[in-house]
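Just so it is clear, the model here is predicted, and its values are computed rather than measured. To find a chain, count down the sequence lines: A is the first, B the second, and so on, and within it residues start at 1.
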Amino acid sequence: MELPVKYDPSQTEDKWYSYWLKHNFFHSEPDNREAYTIVIPPPNVTGVLHMGHMMNNTLQDVLIRRARMMGKNACWVPGTDHASIATEAKVVAKLKAEGIEKSDLTREEFLEHAWKWREKHGGIILEQLKKLGASCDWARTKFTMDPAMSKAVINTFVYFYKKGYIYRGVRMVNWDPEGLTAVSDEEVVHRETDSKFYYLRYKISGSQNGEYVIIATTRPETIMADAAVCIHPDDERFHHLRGKKVIIPLINKEIPIIEDSYVTMDFGTGCLKVTPAHDINDYEIGLRHKLPVIDIIDEHGKLNAKAQILVGEDRFVARKKIVKMLDEAGLLEKTEDYKSQIGYSERTNAVIEPRLSMQWFLKMDVIAKEALRVVEDDEIKLIPDKFKNTYRHWMENVHDWCISRQLWWGQQIPAYYLPDGEYVVEDTPEEALAAAQKIDPNLKASDLTRDEDVLDTWFSSWLWPISVFDPEKPGFPDKEPNKELAYYYPTNDLITAPEILFFWVARMIMAGQEFCHDIPFRNVYLTGIVRDKQGRKMSKQLGNSPDPIKLMEQYGADGVRLGMLLCTSAGNDILFDESQVEQGRNFSNKIWNAYRLIKGWTIDDCAKQSEEAAIAVKWFDAKLSRTIEIVNDHFDKFRINDALMVIYKFFWDDFCAWYLEIIKPAFVDGRQMPTDKTTFDATISFFDSLLKIIHPFMPFITEELWHNIDERKAGETIMLQPMVKAKPYSEELIHSFSQAADTVVALRALRQSRNISPKEALTLLVKRAGYPADMSPIIKKMANISEIGVVDTFDNATAGQAFMIETIEYYVPLSGMINVAEEIAKVKAEIARYEGFLKSVSAKLGNAKFVEHAPAQVVELERKKMGDAQTKIDNLKQRLDTLK
RNA sequence: GGGAGCAUAGCUCAGUUGGUUUAGAGCAUCUGCCUUACAAGCAGAGGGUCGGGGGUUCGACUCCCUCUACUCCCACCA
């Protein structure tokens, strides 16, 4: 059967994925092999695959496939995250589109809708990962809201509560008026935003002559919530106002003037309005001065009745309106443009409103300390290690974690309130009742109300590396781990984005140490953010993110994987460009065509191996071992793109451009000559090795070809073949081959510059016997040289072209005359270049201090450099003489 | 405002305790090729005073200082 010229991934990818699944190759069970474990960073259950996932999961798959071939018991645990805010927002939006408001539903009804949504959309992203070739152990797929996983979260809450680490309190939180929930500091993104500075006149109470102070504010709509005006105690400009009162404009409310050194004298007017309910700093000033808290903004960001005016207006509408009212009342001194950092909700992009509310917190100081230590001591390695600084900074300035969210989708906080407002925290309603009855024996189950809030999503994902194996472990540090946890934990490598280093990575370390007394993973490989060619972050809004599924359809999953990896280096952002994926596809095609070439050969059992083939086989064998060593080293250092590039070049240049071209059987009279068995077998074996080395990167094409290059038994797979190992090899052989290759390149360049056809055979003379004589057959075949003669001098200098490889002189006699003047100029330029070099080297060697201080081998090397340069100059000068 | 990182060819990046022939790769570019595996290819070539300035050293892309540009993280200046 004639094979198509171009490789068609659609013919192979689904076929082999089903084959792998059918034979359960991805599944892992504890055994006596060494475990190699990765837990997937669980994507949002409602998410669809984007380029960041592609990057991340390709890397994980490369590592896991490689580990599997290295003989480890490789286990990659997949799953999804319930992502409470994001998912709840999507469900709310979907219901809204159907005319249903969340407020019309009970909690149970809403959750029913949410679970239905999850049924429908929850598996999409995992199915998409299969297209990519991800070799996850699908039998272990977990969801952060699986009953057992949720139980682990509840147990953890109860554990920390009883340990005294979880407390409840009124705090100023970051309120998302769209998501209607508090969000953590980490979920607030600060962006510089254009706003205005309004200068308002507050009249001095009781002043006869209409005296006033000017206050600068960006939030005039909050003046009704002002509790005081504050000046700096040292600010002499305002000393006459001490103890006086001012009148809030429009509502004519009298508030005191207080003094606090928080105020910056030279910022604004030096006069600050204090609004404890709507600003975190003002809140703190309010605490110091025992000021009342007047909360005039409701959960939706609208002014409430306490505002007295503009009631029911949205905060931003109210701002515009009140400015107009103040202006009309003559109380607006002036307006200035101003840029300030405004907090936005990461999830809904709403402007965050600082708001006082009752929330649950987890104390972080103690657990953060140990989590910092293990990273400082390199028990956990961050790759690249520059993230250590960032990590340290965060861990040293850690705040208590606000873990409650005013949502329904998630694990409901297991706190149960008694009628008198007291509460108990227990694993189950039954235990809660029992605990409550200790307080009041007459209580019935119906007297208890459970806290409405759910827990922050990260409060469940921080247990992920533990609970995917043993969901009964979190909350019970002293319990024996089950067999799975004991075997797979700690996991090996975690591949994730630096953005969630604190959200997730740091907290997993904390949970791991708390419950397992051990780190959750040894290496954290932090990938970059995938950006477009212009360096913009890929986002739906910009529409600059390609659809990964379409990309895979167009270029093949192998091509896309390669394209992603080619532009990755740890911690650096990835500038994604489709041309890289194209390069990946081209590589698939190159592999495919190498296979087509080999497949077209016939074997003659009696044929003798040619000289050049014998050399090529020996050389390639050595080069293979060296390449494996280099690749292993790159993998050890997580330089995955470097490892790939080495392999890419090894296949393309060394295997295709050199090895195959050398051993390619001759073509005589339009007919392919057969190849000898020794060479053929060696070639198949090399190809087999290459496929194995490439397999972790490009699983599909390698599986396809591996099944075609040789007989395979049913149920065999490349993915479980042992990885090729390096053997001892001769550096010298590799070096002399590369000298020969350089000679071939020089001869080709010579042909090109003189318009000599590759078909015209040439004679080559070499001046000294120091040249790699055993490589002669290679030079002859690859450069179409009929004869290589070793001579003492080159005669007839004007009718040939000389060149040097290292210090060896070659000469090609040519029938036509060369342009002597041009040649002389060229040789002179060469001499000048080497003389310049020689000068710098001899200056170095002439420096007594250098010879004294530099290591002996460095000096030795410089001497060799000088000697070589001198030889070259001598050679060139001789050549110049003969030309003249 | 504080902290961190980066600056090397047109682009994306290597350059591993300062010395490996006066800097490497991939892509892109240019030139010549439809050579019987592959034009998604083959062969060849060009291209960088390593951001600027100063310093340490026998020797600096590499270490130090400074300036400039960019990026990221943290932070309550109303």
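Using C1' as the reference atom, B/rG15 and B/rC33 are 35 Å apart when rounded to the nearest Å. Spacing of C1' atoms, B/rG52 relative to B/rC76, comes out at 38 Å, to the nearest Å. Nucleotides B/rC6 and B/rC42 have their P atoms positioned 37 Å apart, rounded to a whole Å. Atom name C1', nucleotides B/rC58 and B/rG5: the rounded distance is 33 Å, in whole Å. Here, B/rG59 and B/rG19 have their P atoms 14 Å apart, quoted to the whole Å. Distance check on atom P: B/rU49 versus B/rC27 gives 23 Å, rounded to whole Å. Comparing B/rA39 with B/rG32, their C1' atoms are spaced 14 Å from each other, to the whole Å. B/rA28 and B/rU12 have their P atoms separated by 15 Å, given to the nearest Å.
At whole-Å resolution of the value, CD1 in A/I342 and C1' in B/rA75 are 14 Å apart. As rounded to whole Å, 5 Å separates atom P of B/rG26 from atom NZ of A/K649. Rounded to whole Å, the distance from OH on A/Y199 to P on B/rA78 is 11 Å. In this structure, CG of A/L501 is placed 17 Å from P of B/rC72, rounded to the nearest angstrom. The CD1 atom of A/I257 sits 22 Å away from the P atom of B/rA78 (whole-angstrom rounding). Distance, A/E284 CD to B/rA75 C1': 13 Å, rounded to whole Å. Rounded to whole Å, the distance from CG on A/N641 to P on B/rC27 is 15 Å. Rounded to whole angstrom, the span from the CZ atom of A/R392 across to the C1' atom of B/rC74 amounts to 15 Å.
Relative ring orientation between A/Y595 and A/F687 is described as parallel, the plane-to-plane angle staying below 30° on a 0-90° scale split at 30° and 60°. Note: A/F651 and A/F655 have tilted aromatic rings, judged against thresholds of 30 and 60 degrees for the angle between ring planes. In this structure, A/F197 and A/F267 have tilted ring planes: the angle between them lies in the 30° to 60° band.
With A/R751 contributing its side chain and A/S757 its backbone, the two residues share a donor-acceptor pair below 3.5 Å. Looking at A/W592, its side chain does come within 3.5 Å of a backbone N or O of A/P4 through a donor-acceptor pair.
Considering only side-chain atoms of A/K849, the nucleotide from B/rC58, B/rA25, B/rA14 that sits closest is B/rC58.
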Nucleotide pairing, RNA chain B (Watson-Crick or G-U, distances under 3.5 Å), in dot-bracket with [ ] and |:
(((((.(..((((.....[....)))).(((((.......))))).....(((((..]....)))))).)))))....
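Remark: A/M866 CE to A/L838 CG distance equals 7.0 Å, nearest 0.5 Å.
The side chain to side chain contact (heavy atoms under 4.5 Å, CB included) check on A/P9 picks up A/Y7, A/E13, with sequence neighbours excluded. For A/I342, the side chain to side chain contact (heavy atoms under 4.5 Å, CB included) partners are A/T193, A/S340, A/Y344, A/V351, not counting sequence neighbours. Scored by the salt bridge (Lys or Arg N to Asp or Glu O under 4.0 Å) test, A/D874 finds no partners at all (sequence neighbours excluded). Applying the salt bridge (Lys or Arg N to Asp or Glu O under 4.0 Å) test to A/R626 and every residue at least two apart in sequence or in another chain returns A/E731. Legend: residues meeting side chain to side chain contact (heavy atoms under 4.5 Å, CB included) with A/V745, ordered by chain and number and at least two apart, are A/W658.
Screening residues 836-850 of chain A for salt bridge (Lys or Arg N to Asp or Glu O under 4.0 Å), with sequence neighbours left out, gives A/K844-A/E862. For the side-chain hydrogen bond (donor to acceptor under 3.5 Å, both in side chains) condition, the pairs that include at least one residue of residues 265-282 of chain A, sequence neighbours left out, are A/T222-A/K273, A/D226-A/K273, A/D226-A/T275, A/Y262-A/N281, A/K273-A/T275, A/D279-A/N281. Residue pairs meeting the salt bridge (Lys or Arg N to Asp or Glu O under 4.0 Å) criterion with at least one member in residues 643-655 of chain A, sequence neighbours excluded: A/K623-A/D654.
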Footprint string (nucleotides 33-45 of chain B, 5' to 3'): B base within contact, S backbone only, - free, heavy atoms under 4.0 Å
---BBB-BSSBS-
Contact string for nucleotides 1-12 of chain B, one letter per nucleotide 5' to 3', B = base within protein heavy-atom range under 4.0 Å, S = sugar-phosphate only, - = neither, reads ---SS------S
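Across all strands shown, A/G270 has heavy atoms under 4.0 Å from base atoms, whether or not it also approaches the sugar-phosphate. Contact annotation for A/R833: base contact, defined as any heavy-atom pair under 4.0 Å involving a base atom.
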Go through the steps to decide whether A/D633 and A/K637 satisfy the test salt bridge (Lys or Arg N to Asp or Glu O under 4.0 Å), and finish with yes or no.
CA-CA 6 Å; A/D633 185 52; A/K637 292 171 181 152; 3.1 Å; yes
From CA spacing to verdict: side-chain contact (heavy atoms from CB on, under 4.5 Å), A/N708, A/K599:
CA-CA 9 Å; A/N708 284 310; A/K599 197 187 146 79; over 6 Å; no
Atom pairs, N/O to N/O, protein against nucleotides 15-19 of chain B, distance under 3.5 Å?
{"unit_1": "B/rG15", "atom_1": "OP1", "unit_2": "A/R639", "atom_2": "NH2", "d": "2.7"}

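Listed pair A/Y648 / B/rC27 meets the phosphate criterion, a side-chain N or O lying under 4.0 Å from OP1 or OP2.
Remark: the A/N847 side chain and the B/rC58 base include no donor-acceptor N/O pair separated by less than 3.5 Å. At a cut-off of 3.5 angstrom, the base of B/rC76 holds at least one donor-acceptor pair with the side chain of A/Y262.
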